[in-house]
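Note sheet for the following structure.
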There are 2 protein chains.
Amino acid sequence: MQHSTLKAILKKNGSSLTRTRRLIFDLLDGQDPQSMQVLISRAAGQLDRATIYRTIELFERLGIVHRLNIGWKYKIELSDVFTGHHHHLHCSKCGKILDLPSNPMLETMIDTLATKAEFAPRNHILEIYGLCPACKQAGSK
Amino acid sequence: MQHSTLKAILKKNGSSLTRTRRLIFDLLDGQDPQSMQVLISRAAGQLDRATIYRTIELFERLGIVHRLNIGWKYKIELSDVFTGHHHHLHCSKCGKILDLPSNPMLETMIDTLATKAEFAPRNHILEIYGLCPACKQAGSK
DNA sequence: AAATTATTGCGACAGATTTGCAAATATAAT
DNA sequence: ATTATATTTGCAAATCTGTCGCAATAATTT
């Protein structure tokens with residue numbers, strides 16, 4: 001959907017938008033965060049494992065995607081540039097991951113706190129764990 | 001330093017404070033978050049790899065430590081019980097990880113936002129990326 | 001002290017990620 | 001468009017991480 005932005009980021013860093021890269025981008029675009037295994041199997045027959053790892057590494061380095069940690073695994077999602085800044089709500093029961101849109105006041109407070117600690121904040125990740133609406137309901141019977 | 005607390009937690013769960021467990025606890029106590037590789041090499045000759053994995057898994061299950069995700073790796077740190085609730089400031093330049101003590105107002109705001117989204121928050125992780133005081137200085141010459 | 005239970009070490013192993021290198025593809029230069 | 005140059009990809013092999021079964025040790029209970 002946003003191939004022009006993608007292409008621009010790549011070009012700015014001396015890389016180009018190849019068939020491979022477009023394909024991997026498309027596997028991520030509009031989807032929930034994806035595990036490597038899923039990416040690898042979705043691209044089976046078209047792309048090699050190593051290529052996928054290398055591409056994700058490149059994408060991460062250029063800020064196109066970032067790794068979302070889940071327990072001691074991780075999944076890949078497009079970065080804020082493509083999705084808008086947001087946080088995640090992880091349901092401890094059903095495992096679903098919901099988006100929590102960013103809130104200006106919260107962002108400000110986080111930056112303020114970091115700045116007070118003499119730190120120069122650039123970005124941050126906030127992951128909240130608990131029960132999603134559905135599981136919360138189910139639990140309170 | 002807090003071996004009695006450690007022992008109490010273990011005992012409550014039907015486990016005991018063995019030499020092995022004390023050693024691993026001491027490798028974590030008062031240190032920055034540690035990677036498994038570091039723990040393994042620090043304990044080289046004294047403990048087997050598998051034992052360290054098993055012990056960390058036990059510690060995590062009992063809430064003695066937790067995994068701190070960093071990119072697609074993770075590090076281990078003692079849990080809030082031993083360190084107090086806090087967040088992390090990751091320096092993108094030197095890689096150092098600093099603690100940011102928890103702030104009641106921030107915690108409240110996070111919980112409120114999650115609750116407004118119909119979610120039942122239980123706990124959360126906030127990781128802030130940017131430049132640490134030293135690197136910030138160095139950069140602004 | 002003997003019996004029972006929990007813990008640890010030692011391979012061996014499965015899966016995940018990385019690497020070197022040659023082939024293929026893309027980009028730049030003529 | 002064709003050649004030269006640099007980048008990207010696939011393939012196979014190597015490495016790294018984390019896990020497992022099982023026998024040996026250590027701890028706890030009787």
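Residue numbering restarts at 1 for every chain, and letters A, B, ... go by the order of the sequence lines.
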Return the value, rounded to whole Å, for the distance between atom CG of Asn13(A) and atom C1' of dA6(D).
17 Å
Is there a donor-acceptor pair under 3.5 Å between the side chain of Asn103(A) and the backbone N or O of Met105(A)?
yes
Within the distance-only criterion (no hydrogens, no angle test), does the side chain of Ser102(B) pair as donor or acceptor with the backbone N or O of His86(B) below 3.5 angstrom?
no
Rounded to whole angstroms, how far apart are OH on Tyr74(A) and P on dT17(D)?
13 Å
Quick one: is Thr18(B) getting a side-chain N or O under 4.0 Å of the dA26(D) phosphate, OP1 or OP2?
no
Report yes or no: is there a donor-acceptor pair, N or O only, under 3.5 Å between the side chain of Arg49(A) and the base of dG10(D)?
no
Any donor-acceptor pair under 3.5 Å from Thr51(A) side chain to Leu47(A) backbone:
no
Between Ala50(B) and Leu17(B), which is nearer to the 5' end of DNA chain D once each is assigned its nearest nucleotide?
Ala50(B)
Asp48(A) CG - dA13(D) C1' separation (whole Å)
13 Å
Ser15(A) side chain near dT8(D) phosphate (N/O to OP1/OP2, under 4.0 Å)
yes
Under 6.0 Å from the CZ atom of Arg49(A), do we count more than 12 heavy atoms belonging to anything else shown?
no
Expressed in angstrom and rounded to an integer, what is the separation of Ile24(A) atom CD1 from dG10(D) atom C1'?
13 Å
Kindly calculate the angle separating the two end axes of the helix from dA1(C)-dT30(D) to dT30(C)-dA1(D), each obtained from five base pairs, and round it to 10 degrees.
40°
Please check: side-chain N/O of Arg21(A) versus main-chain N/O of Ser16(A), any donor-acceptor pairing under 3.5 Å?
yes
Would you kindly say whether Glu127(B) and His90(B) are connected by a side-chain donor-acceptor distance under 3.5 Å?
yes
Donor-acceptor pair, side chain of Ser92(A) and main chain of Gly130(A), under 3.5 angstrom:
yes
Distance, rounded to the nearest Å, where Leu58(B) contributes CG and dT19(D) contributes C1'
16 Å
In terms of the angle between their ring planes, are Phe25(B) and His3(B) parallel, tilted or perpendicular, with boundaries placed at 30° and 60°?
perpendicular
Is it the case that Arg122(A) places NZ or CZ above or below the six-membered ring of Tyr129(B), under 6.0 angstrom from the centre and within 45 degrees of the axis?
no
Under a 4.0 Å heavy-atom cut-off, which of residues 34-47 of chain B touch DNA chain C?
Gln46(B), Leu47(B)
Between Ile76(B) (CD1) and dT17(D) (C1'), how many Å, whole number?
13 Å
Between dT17(D), dC10(C), dG10(D), which nucleotide has the shortest distance from any of its atoms to the side chain of Arg54(B)?
dC10(C)
Do His88(A) and His124(B) have ring centres separated by under 6.0 Å?
no
Residue-phosphate contact under 4.0 Å: Thr20(B) side-chain N/O, dT7(C) OP1/OP2
no
Think Arg19(A) has a side-chain N or O under 4.0 angstrom from the OP1 or OP2 of dT25(C)?
no
Hey, is the side chain of Tyr53(A) poking within less than 4.0 Å of OP1 or OP2 on dT8(D), counting only N and O atoms?
no
What's the CZ-C1' distance between Phe59(A) and dT8(D), to the nearest Å?
13 Å
Between Ser16(B) and Lys73(B), which residue's closest nucleotide on DNA chain C lies nearer the 5′ terminus?
Ser16(B)
Please state how far atom CD in Glu57(A) lies from atom P in dT8(D), giving the value in whole angstrom units.
12 Å
